[in-house]
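Here the structure is laid out as structure tokens; the discussion comes afterwards.
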Protein chains: 4
Amino acid sequence: MSSSPDAEWPIRQQQIFEAALELFVEQGFQRTTTQDIARRAKVAEGTIFRYFPTKRDLLLGIMAPLASRFFGPVVLRDARRILSETTYDDRTRLEKLLANRLSLAQKNLPMLRTAIWEAPHEPHMRKVFQETVAPQIVGMAEDFMNIRIAEGVFKKELGERTLARMLLSLLMGYVFFKETVPNMFGDSDDQQEIARMVELFLYGASTGADSAETQGKTGETRERPQETQEKTKGGQGARREM
Amino acid sequence: MSSSPDAEWPIRQQQIFEAALELFVEQGFQRTTTQDIARRAKVAEGTIFRYFPTKRDLLLGIMAPLASRFFGPVVLRDARRILSETTYDDRTRLEKLLANRLSLAQKNLPMLRTAIWEAPHEPHMRKVFQETVAPQIVGMAEDFMNIRIAEGVFKKELGERTLARMLLSLLMGYVFFKETVPNMFGDSDDQQEIARMVELFLYGASTGADSAETQGKTGETRERPQETQEKTKGGQGARREM
Amino acid sequence: MSSSPDAEWPIRQQQIFEAALELFVEQGFQRTTTQDIARRAKVAEGTIFRYFPTKRDLLLGIMAPLASRFFGPVVLRDARRILSETTYDDRTRLEKLLANRLSLAQKNLPMLRTAIWEAPHEPHMRKVFQETVAPQIVGMAEDFMNIRIAEGVFKKELGERTLARMLLSLLMGYVFFKETVPNMFGDSDDQQEIARMVELFLYGASTGADSAETQGKTGETRERPQETQEKTKGGQGARREM
Amino acid sequence: MSSSPDAEWPIRQQQIFEAALELFVEQGFQRTTTQDIARRAKVAEGTIFRYFPTKRDLLLGIMAPLASRFFGPVVLRDARRILSETTYDDRTRLEKLLANRLSLAQKNLPMLRTAIWEAPHEPHMRKVFQETVAPQIVGMAEDFMNIRIAEGVFKKELGERTLARMLLSLLMGYVFFKETVPNMFGDSDDQQEIARMVELFLYGASTGADSAETQGKTGETRERPQETQEKTKGGQGARREM
DNA sequence: TATGAATGAGATTTCATTCAT
DNA sequence: AATGAATGAAATCTCATTCAT
């Protein structure tokens with residue numbers, strides 16, 4: 001899967017799109033002039049408008065491939081399959097999911113960055129993002145969380161939506177810091193970091209060494225899930241380091 | 001603490017700045033015209049340039065107050081104090097920290113959003129962000145993580161930088177989703193969500209019910225904490241609310 | 001009544017409008033560039049757009065003053081008054097009307113020409129022209145014709161609408177030829193030509209010398225007036241040539 | 001006689017020309033793009049330029065056929081023949097002339113409209129129009145008027161040029177109103193309207209019922225044609241419907 | 001000090017024309 | 001001969017900035 005938006009597009013259109021995308025990432029949409037794009041794509045300025053009637057269409061051209069690559073039936077089924085492979089444990093499944101999403105994200109980073117960065121100020125993107133992209137991706141994660149909560153494996157009191165959000169936050173934060181502060185996070189080892197995110201997500205930062213008295217007040221809505229948990233042998237409390 | 005950048009500024013300048021900030025949030029910096037700003041601030045267009053020689057200066061005017069409010073000595077000391085109050089347990093301290101940062105973030109949301117959103121394409125902002133803001137904020141969290149790791153309370157294998165990043169990711173993700181997909185996360189209860197983030201950060205999503213065999217491969221550096229955990233009695237049940 | 005479209009307009013706006021109008025007459029709307037207009041009006045190109053958001057608005061700016069000047073209540077009342085002054089005979093009234101309209105037309109010639117010339121291809125103008133301008137002006141003339149027909153003074157078989165159209169055709173044709181073929185009609189004497197148009201309109205070109213057998217078949221609706229004529233003694237039939 | 005400009009042209013060229021002409025009528029010359037023309041003619045854009053080196057040549061291509069069709073020796077001779085057929089009375093001859101010109105005009109309406117509409121702003125067309133077309137057509141009518149004036153049949157004081165102009169004005173006005181305000185004049189009956197124009201041209205709108213005292217001041221050159229009329233009993237008044 | 005009209009450089013967009021296939 | 005993609009000059013329009021009042 002190349003980063004070109006549509007393998008069926010004419011070469012010129014691809015050139016232009018790639019050039020635009022590069023520049024949008026470097027400078028943002030508004031700061032990029034059609035002259036910039038023409039120069040980078042090595043075409044005449046007028047040629048741009050043969051393929052993208054307005055400059056804005058170049059931007060919107062990002063959403064379609066993004067949507068299909070991230071949330072197309074194939075990809076979503078893929079994600080669901082990973083999450084439902086009960087032969088693997090949670091850790092493995094989550095690591096696979098994150099690795100899969102991360103590689104997807106990295107392959108499409110220019111489009112993703114542009115889409116996320118322009119979304120707040122580009123009504124169409126905002127709409128697609130709010131109404132299609134976010135619900136789908138969050139929804140998929142929620143489904144998984146729901147199942148694990150029902151099975152008593154994940155804490156009911158964290159809520160499936162919050163769990164979904166937090167998992168995504170970890171992944172997005174990873175990409176964000178790596179991209180935005182490369183001097184601090186630029187050389188992270190993806191595999192290791194994925195393992196760490198999953199470890200934190202599943203079992204937290206705490207070794208357990210110091211935690212007995214400090215646990216137990218996750219908001220007002222807490223429904224005493226601990227009762228169930230109390231029955232559990234080998235519960236989280238066991239996870240102490242020494 | 002008002003959201004005006006500098007109490008010493010003349011009223012006119014503050015009006016203009018506030019108006020600009022609002023518009024930068026709504027439309028982005030580039031899409032906002034000086035005419036928009038003048039209208040919103042109810043001043044003449046020319047007046048803007050008496051206080052901010054160029055439009056860009058309006059944008060840069062965000063960085064100074066941001067830096068002082070988030071990373072000024074007072075505020076940083078504040079954060080350090082919270083984290084070092086050993087009379088409280090980790091949960092309480094982290095909740096206080098997140099609550100404090102969240103309220104700070106929410107009070108300064110317009111500036112923060114603008115700074116973060118424009119940073120990638122505004123060299124000066126990028127520089128300040130990479131060289132000052134991020135290191136300070138991450139550094140502070142790192143310090144705390146380091147101490148807790150040294151004390152054996154936090155898992156050494158997660159790394160202090162990664163821990164810092166993940167804590168920040170959870171908070172940033174929370175703000176991001178709330179802001180970006182209000183239809184899904186708009187009515188979150190801040191306090192509850194903070195509690196949940198801290199719960200996840202400290203102890204993870206897992207109840208422990210299903211976890212014995214699923215743990216144990218947090219990257220290559222993993223030091224088998226799980227073995228210890230299995231021995232533990234009580235488990236998560238101990239972490240109850242009151 | 002000056003040719004400026006609106007005495008209330010700022011000077012700059014008037015300059016621009018006048019310049020545009022001149023150029024529209026000389027070159028047509030499409031051939032006139034905003035640069036041309038700026039140069040002629042001696043303003044910067046950008047200034048045009050402060051007063052007329054788009055170039056097309058300059059064109060549409062023509063319709064409002066035209067409508068009010070030609071078909072505003074005052075002017076229409078004026079025309080109706082002239083036509084209904086029964087102290088004058090038809091010739092005098094028509095001459096006064098034509099003179100009045102002609103002077104009006106000549107004062108507003110640039111706007112009129114532009115409006116008429118652009119109307120077929122400018123949907124808004126076309127609409128105003130078809131739905132407002134033409135019906136009003138034709139309607140007014142029709143009213144007069146109707147009255148005179150009812151009084152038996154004008155030939156019923158010519159129809160009020162046709163009479164109105166023909167009167168207007170004579171006047172428009174006069175202006176058209178004078179403007180378009182100045183080498184043939186440029187130095188016409190307006191007063192004399194008005195008198196001639198009215199003479200023709202009322203009594204035709206014929207001296208009567210040759211007409212008896214030539215009259216009487218104005219279309220199929222004609223009800224054999226010629227029979228009557230034949231009976232007439234000394235009637236028009238007497239005006240024969242030989 | 002088809003509306004194609006030259007039967008000798010290759011089919012492709014004719015297609016292109018017809019398409020261009022249609023579009024010039026609908027949108028005007030400037031507003032019509034070569035792309036429009038190519039689409040309508042169902043040829044490639046480049047093909048246009050094989051037959052018409054520039055877009056302007058498409059416009060100028062209108063003049064030659066127009067000139068030959070309206071003012072070519074054959075056609076002019078035709079018109080002169082009609083006017084000089086002394087076996088017919090004036091009414092018949094004028095009706096035949098107008099009917100002939102009108103049908104000619106209607107057959108060539110697209111070219112005619114375009115020519116007239118673009119003439120003021122297209123130097124070459126303007127020149128041809130002023131120096132060839134108008135003089136020829138006006139001249140021919142003038143010749144006829146001159147003869148009839150000399151014969152005492154048409155009023156000398158109206159002047160041959162003015163008479164010619166007024167006859168043409170009536171015809172042009174008819175076409176103009178029918179085309180421009182179809183909601184008012186669209187369904188006119190050509191034959192009837194021609195009869196009415198000729199009736200008005202020869203004998204005027206007046207029935208004569210009210211006319212004795214109202215006639216008599218057609219400019220300074222007036223030679224009292226009214227005297228004849230005054231003698232008339234019944235006169236034109238006889239031509240009334242009831 | 002404040003104003004807001006005026007500016008003009010620069011952005012986007014159009015379209016007649018060319019040219020490789 | 002025909003095509004239609006590519007061109008780039010020229011058009012319309014935007015907007016940060018200046019400046020006379």
Side-chain angles (χ1 to χ4, degrees), chain A residues 10-13 15-16 29-39 41-58, chain B residues 10-13 15-16 29-39 41-59, chain C residues 10-13 15-16 30-39 41-58, chain D residues 10-13 15-16 29-39 41-58:
Chain A
I11 296 172
R12 265 321 194 313
Q13 188 163 15
Q15 278 174 51
I16 291 166
F29 173 72
Q30 291 275 357
R31 279 168 242 250
T32 301
T33 69
T34 51
Q35 199 186 148
D36 291 340
I37 297 169
R39 250 202 290 270
K42 288 181 184 153
V43 298
E45 221 171 334
T47 307
I48 294 171
F49 294 90
R50 163 173 297 276
Y51 296 103
F52 301 93
T54 71
K55 187 187 165 197
R56 191 164 172 265
D57 286 313
L58 263 167
Chain B
I11 295 175
R12 275 282 161 59
Q13 189 162 14
Q15 276 173 51
I16 292 167
F29 172 71
Q30 290 276 356
R31 280 168 239 250
T32 300
T33 68
T34 50
Q35 196 187 159
D36 291 339
I37 298 168
R39 250 201 291 270
K42 288 178 185 158
V43 299
E45 222 174 331
T47 307
I48 293 170
F49 292 88
R50 176 166 304 280
Y51 295 103
F52 302 91
T54 73
K55 187 188 165 196
R56 190 162 175 266
D57 288 313
L58 264 166
L59 186 56
Chain C
I11 295 172
R12 265 321 193 313
Q13 187 163 15
Q15 276 176 51
I16 292 166
Q30 291 274 356
R31 279 168 242 250
T32 301
T33 70
T34 52
Q35 199 187 146
D36 291 341
I37 298 169
R39 251 202 290 271
K42 287 180 184 153
V43 299
E45 219 170 335
T47 306
I48 293 170
F49 294 91
R50 163 175 297 277
Y51 296 102
F52 301 93
T54 71
K55 187 187 166 197
R56 192 164 172 265
D57 286 313
L58 263 167
Chain D
I11 295 175
R12 273 283 161 58
Q13 188 163 15
Q15 276 174 51
I16 292 167
F29 172 71
Q30 289 277 355
R31 281 168 240 250
T32 300
T33 68
T34 50
Q35 196 186 156
D36 290 340
I37 298 168
R39 249 201 291 270
K42 288 179 184 155
V43 299
E45 221 173 333
T47 307
I48 294 171
F49 292 88
R50 176 166 305 280
Y51 297 103
F52 302 91
T54 73
K55 187 187 166 197
R56 191 161 174 267
D57 288 314
L58 265 166

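Here is the naming used below: chain letters follow the sequence lines, and residue numbers restart at 1 for every chain.
- What separates CD1 of D/Ile37 from P of E/dT17 is a distance of 10 Å, to the nearest Å.
- Remark: C1' of E/dC15 and CZ of D/Arg39 are 12 Å apart, rounded to the nearest angstrom.
- Annotation for D/Ile48 and D/Ala38: closest pair CD1-N, 3.7 Å, computed over non-hydrogen atoms.
- Judged by closest nucleotide on DNA chain E, C/Ile48 is the one of C/Ile48 and A/Gln30 placed further toward the 5' end.
- Distance A/Leu58 CG to E/dA11 P: 16 Å, rounded to the nearest Å.
- Of the side-chain N and O atoms in D/Arg12, none sit less than 4.0 angstrom from OP1 or OP2 of F/dA1.
- Each of A/Gln35 and C/Tyr51 has a nearest nucleotide on DNA chain E; the 5'-most of these lies closest to C/Tyr51.
- Distance CD1 (D/Ile16) to P (E/dA16): 14 Å, rounded to an integer number of Å.
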Please determine whether side chain to side chain contact (heavy atoms under 4.5 Å, CB included) holds for the pair A/Phe29 and B/Arg31, giving the CA-CA distance in whole Å, both sets of side-chain angles, and the decisive distance to 0.1 Å. CA-CA 10 Å; A/Phe29 173 72; B/Arg31 280 168 239 250; 4.2 Å; yes
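- For E/dA11, the OP1/OP2 oxygens have no side-chain nitrogen or oxygen of A/Thr33 closer than 4.0 Å.
- Rounded to a whole Å, the CZ atom of B/Arg31 is 15 Å from the C1' atom of E/dA11.
- If you find the closest nucleotide of DNA chain F to C/Thr47 and to A/Glu45, the one lying nearer the 5' end belongs to A/Glu45.
- With a 3.5 Å ceiling on both atom-pair distances, the Watson-Crick or G-U wobble partner of E/dG4 is F/dC19.
- Of all nucleotides listed (F/dG4, E/dT12, F/dC13), F/dC13 comes nearest to the side chain of C/Phe49.
- Scanning atom types as modelled, one donor and one acceptor separated by under 3.5 angstrom connect the side chain of B/Arg50 and the base of E/dA2.
- Smallest separation of non-hydrogen atoms from C/Phe49 and C/Pro53: CD2-O, 3.4 Å.
- Comparing D/Val43 and B/Lys55, the nucleotide of DNA chain F nearest to each residue sits closer to the 5' end for D/Val43.
- Between D/Thr34 and the phosphate of E/dA16, there is a side-chain N or O to OP1/OP2 separation shorter than 4.0 Å.
- The distance from the CD atom of B/Gln15 to the CD atom of B/Gln13 is 11.0 Å, given to the nearest 0.5 Å.
- For the pairing with C/Thr34, the side chain to side chain donor-acceptor pair (under 3.5 Å) check across C/Glu45, C/Lys55, C/Arg39 returns one residue only, C/Glu45.
- In this structure, NZ of C/Lys42 is placed 15 Å from P of E/dG8, rounded to the nearest angstrom.
- E/dA2 atom P lies 11 Å from atom CD of B/Gln13, rounded to whole Å.
- One can place CZ of D/Phe52 at 21 Å from P of E/dC15, the figure rounded to the nearest angstrom.
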